[in-house]
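All values reported here derive from a predicted model rather than from experimental measurement.
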Amino acid sequence: MPVTATDLTDATAPAPESLDAFLLISFGGPEGLEDVVPFLENVLRGKNVPHERMLEVAEHYKKFGGKSPINDQNRELLSAVHHELRRAGVQLPIYWGNRNWEPTIADALMSMRDDGKKNGIAFFTSMFSCYSGCRQYRENIADAQKQIGPNAPTIVRLRLGFNHPSFIEAVASRLNDALAAFPEAVRGEVPVLFTAHSIPISMAENCNYVQQLTEASRLVAQQTGSANWELCYQSRSGPPQVPWLEPDICDRIEALHQQAAADGGKLDRLVILPIGFTSDHMEVIYDLDDEAAALCKSLGIEMQRAGTVGTHPSFVRMIRELVEERIGRRDGRATAGELPACEDVCPADCCTYTPTRPGRPRA
């Protein structure tokens, strides 16, 4: 039975004091060469993508030994969150479930049920509102609950932290680390290209993805004194006839290089910061550390790729503070900048998306 809007409502959300578990929800990734094709089959299930295209993407994973870094980084994040919560006196057991690989979301919910946990708080490893980064995870949870049956735990999500001061602080710290590779006198003028996963424009029109990314990038640039920044996109996975968010990161590097040359100068350095990713997905490794890095080298540009927030102490602190908000141990909702905090409970029509045409995976 398909998930409906009713399945996604939190109208009967449990009382804060009854929340009894923490659940990390993420995308998942293969752990070895033998996992690559089964993983991609999970990602593409229900989508009309040619088999040869899937095999093309599989080669991207195989180039790096078939192992995505995301799972190990999530294990590190789980450990860091566990210690942070314990340090703050929050006694919640920790669980982990993925959309596309083991442990699955259903695995996590079954473990919670078997441990007698009734009401979990989910943290999505996505800071920005869109179908893929929020609503689809909520659909995944509802699917898992239906699979388990009437004894499945209730799950509420933490608000997305795109403008939480601690998230901005963590990203700014990563940017400062990258800028430190350049002479101090020029750091404020080094071009900073923030990147996020591109999505179809039809998806972007029904969410605040672009607005939130732009605001978070502005806040990070402001905090680091970076005067020359812009937002780009990467990892487009749709057919060319379907419009997606632009500019593509590599296209923009080419354009900036040509613009500098036309002005009689040279683009000799830049920083790429994948603000739309909380950990190093294969897309970050392949699209930035491989493709964008090779392009910059060919153009004579010194490129520094800033790290994702990963287990930065400020990011881990943000997660703890969001948990404390949800369980009633923290007053107020910390935000930075001009946009309000995301809702704890999504409206029924939040981030809906019906693809006009099946897409293709990028990597």
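- Val90 has its side chain within reach of Ile327: a pair of non-hydrogen atoms, C-beta onward, lies under 4.5 Å apart.
- Counting heavy atoms from C-beta on, the side chains of Leu23 and Ile121 never come closer than 4.5 Å.
- Under the 6.0 Å distance and 45° angle rule, Arg157 does not count as a cation-pi partner of Phe123.
- Ion pairing between a basic and an acidic side chain is recognised when a charged N comes within 4.0 Å of a carboxylate O; Arg252 and Glu246 show no such pairing.
- With a 4.5 Å cut-off on side-chain heavy atoms, Leu77 and Ile319 count as touching.
- Residue His312 holds its NE2 atom at 7.0 Å from CG of Asp177, rounded to the nearest 0.5 Å.
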Do any side-chain atoms of residues 124-133 form donor-acceptor pairs under 3.5 angstrom with protein atoms, and if so which ones, sequence neighbours left out?
{"residue": "Thr125", "atom": "OG1", "partner": "Ser26", "partner atom": "OG", "Å": "2.9"}
{"residue": "Ser126", "atom": "OG", "partner": "Phe128", "partner atom": "O", "Å": "3.4"}
{"residue": "Ser126", "atom": "OG", "partner": "Gly133", "partner atom": "O", "Å": "3.4"}
{"residue": "Ser129", "atom": "OG", "partner": "Gln212", "partner atom": "OE1", "Å": "3.3"}
{"residue": "Ser129", "atom": "OG", "partner": "Gln212", "partner atom": "NE2", "Å": "3.1"}
{"residue": "Tyr131", "atom": "OH", "partner": "Glu139", "partner atom": "OE1", "Å": "2.6"}

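- Using a 4.0 Å cut-off between charged side-chain N and carboxylate O, Arg320 and Glu324 make a salt bridge.
- When all heavy atoms are compared, the tightest approach of His197 to Tyr233 is O-CD2, 4.1 Å.
- Listed for the Asp248 side chain is a donor-acceptor partner under 3.5 Å among the backbone atoms of Asp251.
- Judged by distance alone, the side chain of Ser226 and the main-chain N or O of Asn228 form no donor-acceptor pair under 3.5 Å.
- Legend: residues meeting ring pair (Phe, Tyr, Trp, His ring centres under 6.0 Å) with Tyr209, ordered by chain and number and at least two apart, are absent.
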Q) Under the side chain to side chain donor-acceptor pair (under 3.5 Å) criterion, do Asn71 and Glu31 qualify, and how do the steps go? A) CA-CA 8 Å; Asn71 288 343; Glu31 305 256 24; 3.1 Å; yes

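- The main-chain N or O of Leu213 is never found under 3.5 Å from a side-chain atom of Arg218 such that the two would form a donor-acceptor pair.
- Note that CG of Leu44 and CG of Asn100 are 9.0 Å apart. Values are rounded to the nearest 0.5 Å.
- For the pair Glu321/His164, a side-chain contact is recorded, criterion being any heavy-atom separation below 4.5 Å from C-beta on.
- Other residues, nucleotides and ligands contribute over 12 non-hydrogen atoms within 6.0 Å of the CD atom of Glu34.
- Under the 4.5 Å side-chain heavy-atom criterion for ILVMFWY residues, no single connected hydrophobic cluster contains both Leu33 and Met54.
- Residue pairs satisfying the ring-ring contact (aromatic ring centres under 6.0 Å, His included) criterion with at least one member in residues 81-100, sequence neighbours excluded, are absent.
- The distance from the SG atom of Cys134 to the CZ atom of Arg138 is 5.5 Å, given to the nearest 0.5 Å.
- By the neighbour-count criterion of 12 heavy atoms within 6.0 Å, atom NZ of Lys118 is sparsely surrounded, having that number or fewer from other residues, nucleotides or ligands.
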(Q) Working note: Asn98 + Thr104, criterion side chain to side chain donor-acceptor pair (under 3.5 Å); need CA distance, chi angles, decisive distance, verdict. (A) CA-CA 5 Å; Asn98 293 316; Thr104 66; over 6 Å; no

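- The backbone N or O of Leu339 lies less than 3.5 Å from a partner atom in the side chain of Asn163, making a donor-acceptor pair.
- Atoms CE and CG, from Met112 and Asn151 in turn, are 13.0 Å apart once rounded to the nearest 0.5 Å.
- Ring geometry, Tyr61 versus Phe39: the interplanar angle exceeds 60°, so the pair is classed perpendicular (tilted spans 30 to 60°).
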**Q.** side-chain contact (heavy atoms from CB on, under 4.5 Å) between Asn119 and Val156, intermediate numbers included
**A.** CA-CA 8 Å; Asn119 302 304; Val156 297; over 6 Å; no

Q. After noting the C-alpha distance and the side-chain angles of Arg99 and Gln136, does the key distance pass the side-chain contact (heavy atoms from CB on, under 4.5 Å) rule?
A. CA-CA 9 Å; Arg99 172 180 293 160; Gln136 190 176 5; 3.4 Å; yes

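- Taking the side chain as every heavy atom from C-beta outward, Trp229 and Phe194 approach each other to under 4.5 Å.
- The pair Lys67-Asp35 does not meet the salt-bridge criterion, since no charged nitrogen lies less than 4.0 angstrom from a carboxylate oxygen.
- A donor-acceptor contact shorter than 3.5 Å links the side chain of Arg174 to the backbone of Val309.
- Ser173 contributes no side-chain N or O that, together with a main-chain N or O of Glu169, makes up a donor-acceptor pair within less than 3.5 Å.
- Residue pairs meeting the side-chain hydrogen bond (donor to acceptor under 3.5 Å, both in side chains) criterion with at least one partner in residues 261-279, sequence neighbours excluded, are absent.
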Q: In sequence, state the C-alpha distance, the side-chain angles, and the governing distance for Ser235 and Asp287, and then conclude on side chain to side chain donor-acceptor pair (under 3.5 Å).
A: CA-CA 7 Å; Ser235 312; Asp287 292 342; 2.5 Å; yes

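- With contacts defined as side-chain heavy-atom distances shorter than 4.5 Å, the pair Leu193/Leu273 does not qualify.
- Follow the hydrophobic side-chain contacts under 4.5 Å out from Leu160 and you never reach Val345; the two are in separate clusters.
- Within the model, atoms CH2 of Trp244 and CZ of Arg236 stand 6.5 Å from one another, a figure rounded to the nearest 0.5 Å.
- With rounding to the nearest 0.5 angstrom, the CG atom of Asp290 is 11.5 Å from the CG atom of Leu295.
- Between the side chain of Arg187 and the backbone N or O of Phe182 there is at least one donor-acceptor pair closer than 3.5 Å.
- With respect to Lys146 and Asp143, no salt bridge is recorded, no charged nitrogen being found less than 4.0 Å from a carboxylate O.
- Considering only heavy atoms from C-beta on, Val192 stays 4.5 Å or farther from Thr224 through its side chain.
- Ser18 places no side-chain N or O within donor-acceptor distance of the main-chain N or O of Pro14, the cut-off being under 3.5 Å.
- Ion pairing between a basic and an acidic side chain is recognised when a charged N comes within 4.0 Å of a carboxylate O; Glu56 and Lys62 show no such pairing.
- In the model, Gln234 has a side-chain atom that pairs as donor or acceptor with a side-chain atom of Thr195 under 3.5 Å.
- Scanning all heavy atoms of the two residues, the minimum distance from Arg159 to Ala334 falls at NH2-O, 2.9 Å.
- Pairs engaging residues 298-310 under the side-chain hydrogen bond (donor to acceptor under 3.5 Å, both in side chains) rule: Asp280-Arg305, Asp280-Thr308, Asp289-Arg305 [sequence neighbours left out].
- Between the Arg86 side chain and the Leu92 main chain, a donor and an acceptor come within less than 3.5 Å of each other.
- Applying the ring-ring contact (aromatic ring centres under 6.0 Å, His included) rule to pairs touching residues 245-277 yields Phe277-His281, sequence neighbours excluded.
- Two residues are said to be in side-chain contact when any heavy atoms from C-beta on lie closer than 4.5 Å; Ser166 and Phe315 fail this criterion.
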